[in-house]
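The structure appears right after this line, and notes come after that.
Indexing begins at 1, ligand by ligand and atom by atom, following the structure's order.
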Amino acid sequence: MDCGPARRGGSRAQGTPYVERFVPYTDDRRQLTKDTILVTGGAGFIGSNFVLNWMKAVGSPVVNVDLLTYAGNAANLASLNGEGRHELVRCDICDAETVGQLLHKHQPRAMVHFAAESHVDRSIASPGEFIRTNVHGTFVLLDQAKRYWLELSAADREVFRFLHVSTDEVYGTLGADDPAFSETTAYAPNSPYAASKAASDHLVRAYHHTFGLPVLTTNCSNNYGPYQFPEKLIPLMILNALEGKPLPIYGDGKNVRDWLFVEDHCSAIRTVLERGRVGETYNIGGNSERANIDVVTTICDLVDEMRPRNGGGARRGLITYVQDRPGHDRRYAINASKISRELGWRPAEKFESGLRKTVRWYLENGEWVDGVRTGAYREWMERNYGERKEL
Ligand code: NAD
Ligand code: TYD
């Protein structure tokens, strides 16, 4: 497994320990780097948006630890090439030794943990990797964070935060008239993905309760926006609509999700990091509940408007109902009143304007799209949709 720096700092021979760039812990070093944050999964969809956003809004150095799985893409960060304040390190979060070395070398004031396996359908097809990365990986990070934190001066210990990025899916599913999920809703995860995130949330809580590690947890609804891997609903439907391919709707299409524009998620995370109360969890949502079928018809109309089809008819005609996802959660809805009341955060983007921006981004970034739709992507498409019967 390659755990060397992905950019800047050159290559290293396979199997050589990650030591050549390790700088021993000294007070001088800490003085120089006290603004740094360490982000995990910062080459994925939300993580890369967060890093780009952080550079503009805050601008302090970021060490970006990412394994660059099929979902991680260094091209998302291409605009930071040559930017000395950002370093992408290819590393598995399950590799305790390297994670420990990176913490000691960079002396971050915070860790923001995005790295995860994140697609529910993949967690149904192959749950093992979800347990490894989401549960064991989070444990490794917490344990290394604890060791690092205990070595800090009292003043630095006060400042340090471990922010864990999680999902509303840990709360399970809602009926049409149920109240939205709040921070006190009981956990009831239904998919292997949701169960692995729930387990990680519990570990985060335990490291605070038992060891005093200053943690924060955010549970967010479905994100959409630029750089989302096109296995998820919104980018998949935009690209299929553009290319005149079938638009596969699971079940009756009436499952409801609450949608949040990714930049709003990034601003919420920054807010919680700076002002959240240690040990607390904060729900983050977009106040935009939509049924899947409504999301997809809106995408069809936007693509028709931006790229009219010569003689092919309206893209709504491409909608195809297919066999449902097993255990498919019916409805997610977020009550985000705590983060709004305590920290003054609210989403800035309306779903309709955010979706329009997102469709435009995918239409204008064909090169990025071609870069992520590799052989492995096509294999997944075949595996997930090939055997799904049309209804
Ligand atoms: P993503 O799948 O797009 O990106 C995940 C990133 O983690 C990738 O860059 C991947 O290379 C990296 N990664 C995976 N395994 C790793 C490992 N073992 N070591 C190091 N890096 C590894 O996911 P996303 O949609 O950006 O989600 C980010 C986080 O936000 C996840 O924790 C997810 O549970 C959470 N979340 C996502 C959503 C959503 O709608 N996408 C909503 C709420 C919460
Ligand atoms: P997805 O983007 O996978 O997010 P999540 O499962 O984490 O909510 O799916 C969003 C919704 O869209 C979900 O109800 C499943 C549905 N869906 C389809 O109907 N067809 C598809 O091809 C995909 C990928 C999802």
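- Near E231, meaning under 4.0 Å from one of its heavy atoms, ligand 2 places the atoms 24 (C).
- At least one N/O-N/O distance between D92 and ligand 1 falls below 3.5 Å.
- Using a 4.0 Å cut-off between heavy atoms, L68 contacts ligand 1 through its backbone alone, with no side-chain atom that close.
- Considering backbone and side-chain N/O of N255, none are found under 3.5 Å from N/O of ligand 2.
- Closest of all the heavy-atom pairs between N283 and F181 is ND2-O, 3.1 Å.
- R132 has no carboxylate O lying under 4.0 Å from a charged side-chain N of E117, or vice versa, which leaves the two without a salt bridge.
- Using a 4.5 Å cut-off between side-chain heavy atoms of Ile, Leu, Val, Met, Phe, Trp and Tyr, with links allowed through other members, V272 and V159 fall into different hydrophobic clusters.
- For ligand 1, one of its N or O atoms has an N or O atom of I93 under 3.5 Å away.
- Residue contacts with ligand 1, taken as heavy atom pairs separated by less than 4.0 Å, involve S166 solely via the backbone atoms N, CA, C and O.
- Of all protein heavy atoms, the one closest to atom 12 (O) of ligand 2 is N292 ND2, 3.4 Å.
- Considering both main-chain and side-chain atoms, L233 comes within under 3.5 Å of ligand 2 through a nitrogen or oxygen pair.
- Numbered from 1 in the order shown, with element, the atoms of ligand 2 that lie under 4.0 Å from a heavy atom of Y385 read 21 (C), 22 (O), 23 (C), 24 (C).
- A heavy-atom separation below 4.0 Å is found between A43 and ligand 1.
- Where the criterion is an N or O separation shorter than 3.5 Å, residue side chain and backbone included, N73 fails it with respect to ligand 1.
- A side-chain N or O of E169 and one of Y332 form a donor-acceptor pair less than 3.5 Å apart.
- Note on ring orientation: taking the six-membered ring where Trp is involved, the planes of F114 and F50 are tilted (angle from 30° to 60°).
- Residue contacts with ligand 1, taken as heavy atom pairs separated by less than 4.0 Å, involve R132 solely via side-chain atoms from C-beta onward.
- Counted by atom type alone, R270 and N53 present one or more donor-acceptor pairs between their side chains at under 3.5 Å.
- For ligand 1 and T69, the ligand atoms under 4.0 Å from any heavy atom of the residue are 10 (C), 11 (O), 14 (C), 15 (N).
- Comment: E280 engages K338 in a salt bridge, judged by a side-chain N to carboxylate O separation of less than 4.0 angstrom.
- Of all protein heavy atoms, the one closest to atom 4 (O) of ligand 2 is N222 ND2, 3.3 Å.
- For ligand 1, the polar-atom distance check finds an N/O of T133 within less than 3.5 Å of one of the ligand's N/O atoms.
- What sits closest to atom 3 (O) of ligand 2 on the protein, heavy atoms only, is R325 NH2, 3.1 Å.
- Residue C220 has no nitrogen or oxygen atom sitting less than 3.5 Å from a nitrogen or oxygen atom of ligand 1, judged on distance alone.
- Cation-pi geometry between R257 and Y224 is not satisfied (NZ or CZ under 6.0 Å from the ring centre, within 45° of the ring normal).
- Under the 3.5 Å distance criterion, the side-chain polar atoms of R388 are matched with a main-chain donor or acceptor of Q323.
- The nearest protein atom to atom 11 (O) of ligand 1, hydrogens excluded, is given as D66 OD1, 2.6 Å; this is a heavy-atom distance.
- The single protein non-hydrogen atom nearest to atom 3 (O) of ligand 1 is F45 N, 3.0 Å, given as residue, atom name and distance.
- Below 4.0 Å from some heavy atom of K232 lie the following atoms of ligand 2, by number and element: 2 (O).
- By the 3.5 Å distance cut-off applied to N or O atoms, H265 is not counted among the residues near ligand 1.
- Nearest protein heavy-atom neighbour of atom 15 (C) of ligand 2: H328 NE2, 3.4 Å.
- Residue G44 places at least one N or O, backbone or side chain, under 3.5 Å from an N or O of ligand 1.
- The distance from ligand 2 to the heavy atoms of I249 drops below 4.0 Å at these ligand atoms: 19 (O).
- Closest to atom 14 (C) of ligand 1 by heavy atom, among A116, A115, S196, G72, is A116.
- Taking atom 19 (O) of ligand 2 as the reference point, the nearest protein heavy-atom neighbour is Y250 N, 2.9 Å.
- Applying the side chain to side chain contact (heavy atoms under 4.5 Å, CB included) test between P230 and each of V369, I238, L239, N240 identifies L239 as the sole match.
- Listed by number with element, the atoms of ligand 1 under 4.0 Å from a non-hydrogen atom of F114 are 28 (C), 29 (C), 31 (C), 32 (O).
- The distance criterion of under 3.5 Å between nitrogen or oxygen atoms is not met by C94 with respect to ligand 1.
- Of all the atoms in ligand 1, the ones that sit under 4.0 Å from a non-hydrogen atom of N222 are 40 (O).
- Taking each of I46, T40, T167 in turn, the one with a heavy atom nearest to atom 37 (C) of ligand 1 proves to be I46.
- When each atom of ligand 1 is checked for a heavy atom of L67 under 4.0 Å away, the hits are 16 (C), 17 (C), 18 (N), 19 (N), 20 (C), 21 (N), 22 (C).
- Near C91, meaning under 4.0 Å from one of its heavy atoms, ligand 1 places the atoms 19 (N), 20 (C).
- Side chains of Y207 and D143: a donor on one and an acceptor on the other come within 3.5 Å.
- At a heavy-atom distance under 4.0 Å, no atom of I234 approaches ligand 2.
- Within the listing of ligand 2, atoms 5 (P), 7 (O), 8 (O) sit less than 4.0 angstrom from a heavy atom of E169.
- Counting the atoms of ligand 1 from 1 in the order shown, those under 4.0 Å from a heavy atom of V165 are 30 (O), 32 (O).
- Of all the atoms in ligand 1, the ones that sit under 4.0 Å from a non-hydrogen atom of K197 are 31 (C), 32 (O), 33 (C), 34 (O).
- For the ligand labelled ligand 1, residue S221 lies inside the 4.0 Å heavy-atom shell.
- Here atom 33 (C) of ligand 1 lies nearest to Y193 when heavy atoms of W259, Y193, F229 are compared.
- Distances from atom 40 (O) of ligand 1 to the heavy atoms of N223, N76, L260 show the closest one on N223.
- Summarising the contacts of atom 23 (O) of ligand 1 with S118, G47, G41, the nearest heavy atom is found in S118.
- Interface atoms of ligand 2 facing H119, defined by a heavy-atom separation under 4.0 Å, are 3 (O).
- Note on ligand 1: Y224 sits outside its first shell, no heavy atom being nearer than 4.0 Å.
- Close approach of ligand 2 to L236 is summarised as follows: ligand atoms under 4.0 Å from at least one heavy atom of the residue are 22 (O).
- Closest to atom 20 (N) of ligand 2 among all protein heavy atoms lies P248 O, 2.8 Å.
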